[in-house]
Amino acid sequence: MYVAGMDIGSIFSKAIILKDGQVVASLIKRTGGEIKAISHRLMEEALAPQGLQIDDLKSVVATGYGRISVPFADKQVTEISCFGRGVANSFPEVRTVIDIGGQDSKGIKIDERGKVQDFVMNDKCAAGTGRFLEVMANALEVSLEDMGPLALQSGSPEEIGITCTVFAESQVISLVGEGRRKVDIVAGIHQAIAERIHGMLRMLRIEERIAITGGGAKNIGLVKELEKRLGTELIVPEEPQLIGAHGAALLALEMALGRKGS
Amino acid sequence: MVIKELMNRFFTVVADPYSEAKRRKEQGQKVIGWLPTDVPEELIHAAGAFPVGILGSSNNIRLADTHLQVWVCSLMRSSLEMELCGDLDFLDGIIIPQTCDTTRALSGLWRKVCRTPYVEDFLLPKQVKRPSAREYLTGELARIKTSLEQVTGKKISDETLDTSIRLFNENRQLLRRMFEIHTHQPGLLTSREVYTVIKAAMYMDKAEHNGILRDLIRALEHKAAESAGTPDSKARLVISGGVWEPPEIMDLIEEAGGVVVGDDLLTGMRYLTPDVDEERNPLEALADRQLNKIPFGGFDNQNYERRRFLLDLVRNSEARGLIFLHLKFCEPENYDYNDMREALNSAGIPNLRLETEVANPSLGQIRTRLEAFIEMIGGNPIERTL
C-alpha cells in the first residue's frame, strides 16, 4: 500500500512516498509559481520511478504553508504537527524540535509519540529564518551552502543587530564597505540568528533531547551557535528538510489504516 | 432563515457602522463618540446625545503616522486615522478613557490635531481596591455628567439617568442571554455572528438593538429546542485580550475546528458585564459597575485577580484551551502576559498567543498557529473545499 506526504514550504517543496510504511521515494524542489501545478508535478516526478500515479496513493497528507492548495490531498495538517510526528518516528527520545524553515522558525515540544505539547513560532518577520540567511548570503556574494562552514573559520565575529532583515542587510553592506573580514561578518550573522531563535525558544520549557530540522539544520554554523547557547548537542537528522513530509506521510498511513490521525 | 435575516441587520451595521449616527446628526441630535474601553454610555444617552463606539477601521494607516509612532497600538492609530481622514466629521464630541499610556497621550493629541469640537477625558482609577477609588470615580462621573450637560444643553436628572441605565442593562442582559445559548449549543451561531451582534450594539440605537436581539434570542431558543442533544465536537476555546482584530480570526478559529465559548475582550464580556444596580443612586451605581468589571490588562477587579479569573473562566466554560489575542504594542496586555501564561501552564491549560494588528492582517501564519493549536488540543476541523 502506497501513501504520501507533501510539505509545501515557502522556498522548497518536498514529497515522500511510503510503501507499507517504508520510505521508497523522496524529492525536494524549489517552490515557485502556482502551487497546485507544482504539487502535481512534484508528486508525479516522485512516483514515476515506482511506475505509479497519484491515483495509486491510498492517502495523501499535505503540510507546509501551501498545504491548502494541494488538490489531491485527503487532509491538511500543519507543519507543527507533522514535524513532531516525523521527528518522533526516528528519534523517540526527542522532546524539543527546532525547525528553521524558509519563512518560519519554530520551537515544538513533543511527547514520545510525537504529539505536540506546546509550540512557539516567529512573528511575521524574516529575521531568524532561512530567508534571512539567503538575503545575507546574496549581500555577501557567498553561496548559501558555504555560509555555515565559513562562519566556523572566524575568530572574532562582528556584532550584527537583528531587529529586521532589511536593516541587518544594510549593516552588513556597511561592514563590507569598511573592509571587515567576510568570515567575521558571516560568523556575526550566524550569532545573530542563533540569538534570535534562542530567545524564541526560551518561551518554551526546553527539554532534552533537542533535534533541529528544516533547511536551517543543514547549516553547520547555525547548529554550532545554537548548541553553544543551549549547552547541549543537537540531533540533526540525515535529511532534515524531509522530516515534515515524512511526518505527513506517516499521518497519511495512519489514515489509510483507519486509525484516527493526530 | 429567520436567524439569517436578523443577523443580516447586524452585519450591515458593522459593515457601515456610522450610518445611524449620521442620521441622528442630520435630525439635529448630538453625536458623542467614545474610544475603548469603559466609557459610561448611559451618561451620553441620558444627556440626549447618541453614543457611538470608535473602534478603528480596516483602512490603511497613513495620516496618523505623522503624529503617532509605529510602536503605538494599531487600534488607537487607526482610530486617529479615521478622524484625520474625515471619517468622523459627524462627531460633536468624543470621550477618551485613559486606560493606558497611549490613550492618555492621545487625549492631548486629539485636541490638538483633530476637528472634533468637544473632547472629554474619562480618568479612571487604577487602584480599584482602594476605598478611595469609588469616591473618586463617583466624583469623576459627576464631572463628566456636568460636562455633557454643558455641551448638550440638557440637564441630566436622576430619573432620565435611571431610564438610560435600565435600557443599557437590558441590552447587556439580552447579549448575555444570547451568549449563554451559544455556549450551550455552539452550532446555532458562529463565533463571528455572536461577536458581530455585540459589536453592532456599540454602533446602534440601544432600543432598536434590543428589539432585534429579542427576536434573535426567540429564534435561537426555538432552534435550540429543535436540535437539542446534538453532540458538539468542536474544541471549546476562551479568548483573552483586547479586541477581535482582525475579525477574520473568528472564521479561522471555526474553520480549524474551534469555537469561542468565553472571553475577557473589550468587545466581548467586558462590554456586557456587569449590570448597573437600578436601585441605587445612579452615579454611585455606575461607579460600582466600573469597579466590578472583569479584569483586563489596564485594570484589575476589586476582588478578582486576573490569573484566577482566567483559570475560572476556562473551567467554567468547559474550554479545552485559551488563546491570547494581543494587539501588537498593547503594553498592558504584554506586561500581563508572562504571568498569565505561567498560571495557565501550571494549571495544565494549553494556551497560544497571537499578536495581531488592526488594518494589517497577516492571516497565513495566524492560520497555521491556530490550526496547530487545535490539532494539539483536539478538535474536528471543517473539511476545507478547494
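Every chain is numbered from 1, with letters handed out A, B, ... down the list of sequences.
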- Query: Checking B:Leu354 against chain A: side chain, backbone, both or neither under 4.5 Å from a heavy atom?
  - Reply: neither
- Message: Is B:Arg341 close to chain A through its backbone or its side chain, or both, or neither, when contacts mean heavy atoms under 4.5 Å?
- Response: side chain
- Determine, for B:Lys199 against B:Glu245, whether the closest basic-nitrogen to carboxylate-oxygen distance falls under 4.0 angstrom. yes
- If you tally heavy-atom pairs under 4.5 Å against chain B, which of A:Val120, A:Ile80, A:Asp118 wins? A:Asp118
- Check whether the side chains of B:Ser191 and B:Glu254 place a donor and an acceptor atom closer than 3.5 Å, and report yes or no. yes
- Heavy atoms, side chains only, cut-off 4.5 Å: are A:Glu134 and A:Ile11 in contact? yes
- Salt bridge present between A:Arg67 and A:Glu79 (N-O < 4.0 angstrom): yes
